[in-house]
There are 4 protein chains.
Amino acid sequence: MAVSQRQKQKTETKKFLIETAMEQFAKKGLSATRTADIASAAKVSHGTIFLHFPTRERLLEEVIEEFGSRTSRRMHELINGDCNLEEVLAAHLKGIGECEGFYTALISETAVLPEGARNALIMIQSAISHHILQVAERGMDAGTIKTMPFDLFFNTWIGLIHYYLSNRALFSPEDSVISRHGQRLTDHYMNLISAKGGI
Amino acid sequence: MAVSQRQKQKTETKKFLIETAMEQFAKKGLSATRTADIASAAKVSHGTIFLHFPTRERLLEEVIEEFGSRTSRRMHELINGDCNLEEVLAAHLKGIGECEGFYTALISETAVLPEGARNALIMIQSAISHHILQVAERGMDAGTIKTMPFDLFFNTWIGLIHYYLSNRALFSPEDSVISRHGQRLTDHYMNLISAKGGI
Amino acid sequence: MAVSQRQKQKTETKKFLIETAMEQFAKKGLSATRTADIASAAKVSHGTIFLHFPTRERLLEEVIEEFGSRTSRRMHELINGDCNLEEVLAAHLKGIGECEGFYTALISETAVLPEGARNALIMIQSAISHHILQVAERGMDAGTIKTMPFDLFFNTWIGLIHYYLSNRALFSPEDSVISRHGQRLTDHYMNLISAKGGI
Amino acid sequence: MAVSQRQKQKTETKKFLIETAMEQFAKKGLSATRTADIASAAKVSHGTIFLHFPTRERLLEEVIEEFGSRTSRRMHELINGDCNLEEVLAAHLKGIGECEGFYTALISETAVLPEGARNALIMIQSAISHHILQVAERGMDAGTIKTMPFDLFFNTWIGLIHYYLSNRALFSPEDSVISRHGQRLTDHYMNLISAKGGI
DNA sequence: TATGAATGAGGCTTCATTCAT
DNA sequence: AATGAATGAAGCCTCATTCAT
């Protein structure tokens, strides 16, 4: 009926705003993107933004949440039960690579983000870490990778990746960091954690 | 005489402003700290800031430069010719630890900083990496640590440290990240790069 | 419909701001009038000014342009094909007189105006000079007025008028310079350029 | 004695400041010249300015007064008892030409000047007008120039000159307006006021 | 007397948010 | 529901003037 039709329309618009916002955030950075930029990119009026999101802060949070569930879904698709560690790391990078711009903006600007946004990011990371650590545990048990505390295992990996993403201007000014360095980073990390000495 | 007295006074004030700014930046973050905040923390008028620094941007750059030379000086003091790698990493963390708050703010907000500020940070990193890599090279030659490309060696370490610093709220909400996790991070990294398998 | 209603409203506001700005400029002078003065005179918020004009400078230019087209339109209305010179000069003064305050401010402060504003004024003057010189040429051809270079003809006239306007405090502190001295100035200038000797 | 020595020194400094200020005003315009500019051009401290002049406004007035007496003195030197009108006008232009930059700045920015400064300018003009009118009167009596009210006689001339000076960017962007157009302007004005018809 | 560091009022501009239509 | 004009609280910076030395 008419009402539900409207509801649907409204939901569509909201989705579209989230999508557009994500693109703008990816392109110009989170703090540099003004609500008016998003409105004009989405070809809606400035006021419309605030019809769907009470504040800019809440809009940002919803964009991050959308990104989170998208990433999480993608991880599930890419990883199946008997993946080895290398495949999981590659899947992680692949997942990130699909929204590299936004993800980079997100981790680069975490510090200046409102708390809600920061928490949303933490949720995402912990979901990812869960996936990776599950496989890592098997590796350690099997003796193929060095034994080490799980948190350090994950944080070393994620720290390495974030460092490259955050310094894209240094490492890959032209194209995607993941497509340019992903393979090398995975190989390096596998080498580091491998139970065998040296290369 | 009078003239040098005056100049000294002015230099003192400028130093003090840099010092105060560094504290404020450390406490509230770089972008969240207003020039007026710094002025009132330093108990000078707002205009005084602009007597010593032409723009807020230039003030920020000078604070970073001061931090850089301080860090660099500290590294030199802490490291002597026959340091082993573990000692160098510890020295690095000790150096950072002395201005942990500011350093954390700096790396956490790089993305939203003006170019000059970003470049200043890059200079600092490259000075540090030089120190560390020198020792690492000896270790690889001697076969005590795994052979690997220098850039990855450094970037994995710095990425790990930055990840912990950036997520201080997660890892050490109350006190310093370095004093709480520094030793463990060094041990972990030494284990990772050690030529011997497992622990 | 709604859209055009909105646009009309916005256009109205902009017009009103230009109008108000012109009054304020006329009353207090161009450089002495702050954007905040204009806002409060127009009973809008300070920010509204910048919704309609990107900078104070651009606002000034638009006010000058509005004045220019108003003046030009008025000249056309007042002058018809077979005007004699005296009528044209009178029309010129009449046109100016209608915005005497603003015009006076404009020519009195040209030197401290941004370039765009200066250029806008030059355009106006050249349109006026065209009108006047056309008729002057006929007079010289017919031998009723002295032969002289066109530029000097116009510049002497305009210089005289501007001198009186700029020194209003001297010549007509209470009321309009044009209404008090216009006739006399026209008579004098006609006498000066008349081909016949003396009065 | 010591005291008068000091006094003399102080007077010298003051003279020098006035001289330097005049140059700066000529070069950059009156309102665009800041007290700090003058101080640094004179190689004295900023505070020194306010030791000799209570306010910027008063400094400006004294500069104008100095210019006035200099101009007046120069007029006396250039004009002797039996000058004809043409010679007097030429002398006027010559006098102006010697400080053309400052004089131009002065008349171009009169409107934005404080009252004291405006009054000082008026005094100067009236001294000059006296000189010129004296000779003009003889010409009118002798029937060599058209009869006309004295004020209009002077104001037309001065308006013409000011118009050219004020619009130097239009008429003589490179060099001095007086040296480029002075002769032509004098000739034109002589022609205008000549009792004989036409050229 | 001279210095020049310090002051602080005030200007322009930005942008998230509100509200009448 | 959508619009977009209007709001107003900050933020950065300038510069004449003061005052301790």
Side-chain angles (χ1 to χ4, degrees), chain A residues 3 5-7 9-10 13-14 33-40 44-59, chain B residues 1-3 5-14 17 31 33-37 39 42-57 59, chain C residues 1-3 5-14 17 31 33-37 39 42-57 59, chain D residues 3 5-7 9-10 13-14 31 33-40 44-57 59:
Chain A
V3 173
Q5 181 58 25
R6 266 205 175 172
Q7 286 288 349
Q9 172 58 30
K10 184 166 182 186
T13 303
K14 185 166 181 177
T33 301
R34 291 160 302 140
T35 49
D37 296 334
I38 296 168
S40 73
V44 299
S45 77
H46 195 183
T48 296
I49 301 274
F50 295 89
L51 198 66
H52 294 275
F53 310 92
T55 62
R56 190 192 114 106
E57 186 168 336
R58 187 65 203 135
L59 160 60
Chain B
M1 72 210 75
V3 172
Q5 179 57 25
R6 270 281 176 64
Q7 291 187 338
K8 208 168 125 192
Q9 173 59 31
K10 184 168 186 184
T11 308
E12 284 307 307
T13 304
K14 185 166 181 176
L17 287 178
S31 7
T33 301
R34 309 284 133 219
T35 49
D37 297 335
K43 295 202 206 312
V44 298
S45 77
H46 194 186
T48 296
I49 300 278
F50 298 93
L51 179 68
H52 295 275
F53 309 93
T55 60
R56 189 193 114 104
E57 187 168 333
L59 161 60
Chain C
M1 70 210 78
V3 173
Q5 177 57 26
R6 269 282 175 63
Q7 291 187 339
K8 209 168 124 192
Q9 173 59 32
K10 183 168 187 183
T11 308
E12 283 307 306
T13 303
K14 185 167 181 175
L17 286 178
S31 6
T33 301
R34 307 287 132 216
T35 49
D37 297 335
K43 296 203 207 310
V44 298
S45 78
H46 194 184
T48 296
I49 301 277
F50 297 90
L51 180 68
H52 294 275
F53 309 93
T55 61
R56 192 194 112 104
E57 186 168 333
L59 161 60
Chain D
V3 173
Q5 181 57 27
R6 266 204 178 173
Q7 287 287 348
Q9 172 57 31
K10 184 167 182 184
T13 303
K14 186 166 181 176
S31 6
T33 301
R34 291 160 301 138
T35 49
D37 295 335
I38 296 169
S40 72
V44 298
S45 78
H46 195 184
T48 296
I49 302 275
F50 295 89
L51 200 66
H52 294 275
F53 309 92
T55 61
R56 190 191 114 104
E57 185 168 336
L59 160 60

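Naming convention: chains lettered A, B, ... in sequence-line order (proteins, then strands); numbering from 1 in each chain. Everything numeric in this text was worked out from a predicted model, so none of it was measured.
For B/K10, the listed nucleotide lying nearest its side chain is E/dA5; candidates were E/dA2, F/dC12, E/dA5.
Of the residues near DNA chain E, D/V44 and A/T35, the one whose nearest nucleotide (by heavy atom distance) lies more toward the 5' end is D/V44. Nearest-nucleotide positions on DNA chain F for A/L51 and D/T55 put A/L51 closer to the 5' end. Between C/H52 and B/F50, it is C/H52 whose nearest contact on DNA chain F lies nearer the 5' terminus.
Phosphate contact (OP1/OP2 of E/dG8, side-chain N/O of B/S45, threshold under 4.0 Å): absent. C/R34 has a side-chain polar atom (N or O) that falls below the 4.0 Å cut-off from OP1 or OP2 of E/dC12. Considering only side-chain N and O atoms, B/T48 lies nowhere under 4.0 angstrom from the phosphate OP1 or OP2 of E/dA5.
With a 3.5 Å ceiling on both atom-pair distances, the Watson-Crick or G-U wobble partner of F/dA20 is E/dT3. Across the strands present, E/dG8 finds its partner in F/dC15; the criterion is a Watson-Crick or G-U wobble pair with both atom distances under 3.5 angstrom.
The NZ-C1' distance, from C/K8 to E/dT21, rounds to 14 Å in whole Å. In this entry the distance linking CG of A/D37 with P of E/dC15 reads 8 Å, nearest Å. If you take NE2 of C/H46 and C1' of E/dG10, they are 11 Å apart, rounded to a whole angstrom. In this structure, A/R58 atom CZ and E/dT17 atom P are separated by 14 Å, rounded to whole Å. To the nearest angstrom, C1' of E/dA6 lies 16 Å from NZ of B/K43. Taking atom NZ of B/K14 as the reference point, atom C1' of E/dA6 lies 16 Å away to the nearest angstrom. Across the protein-nucleic acid pair, C/F53 atom CZ and E/dT13 atom C1' stand 15 Å apart, rounded to whole Å. Taking atom CD of B/Q9 as the reference point, atom P of E/dT3 lies 19 Å away to the nearest angstrom.
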Give the C-alpha distance, both sets of side-chain angles, the deciding distance and a yes or no for side chain to side chain contact (heavy atoms under 4.5 Å, CB included) between B/F53 and B/L17. CA-CA 10 Å; B/F53 309 93; B/L17 287 178; 4.0 Å; yes

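Counting heavy atoms from C-beta on, the side chains of D/I38 and D/L59 come closer than 4.5 Å.
Here NE2 of C/H52 is found 9.0 Å from OG1 of C/T11. Values are rounded to the nearest 0.5 Å. How far OG1 of B/T13 is from CD1 of B/I49: 11.0 Å, rounded to the nearest 0.5 Å.
The backbone N or O of D/S31 sits nowhere less than 3.5 Å from a side-chain atom of D/R34 that would complete a donor-acceptor pair.
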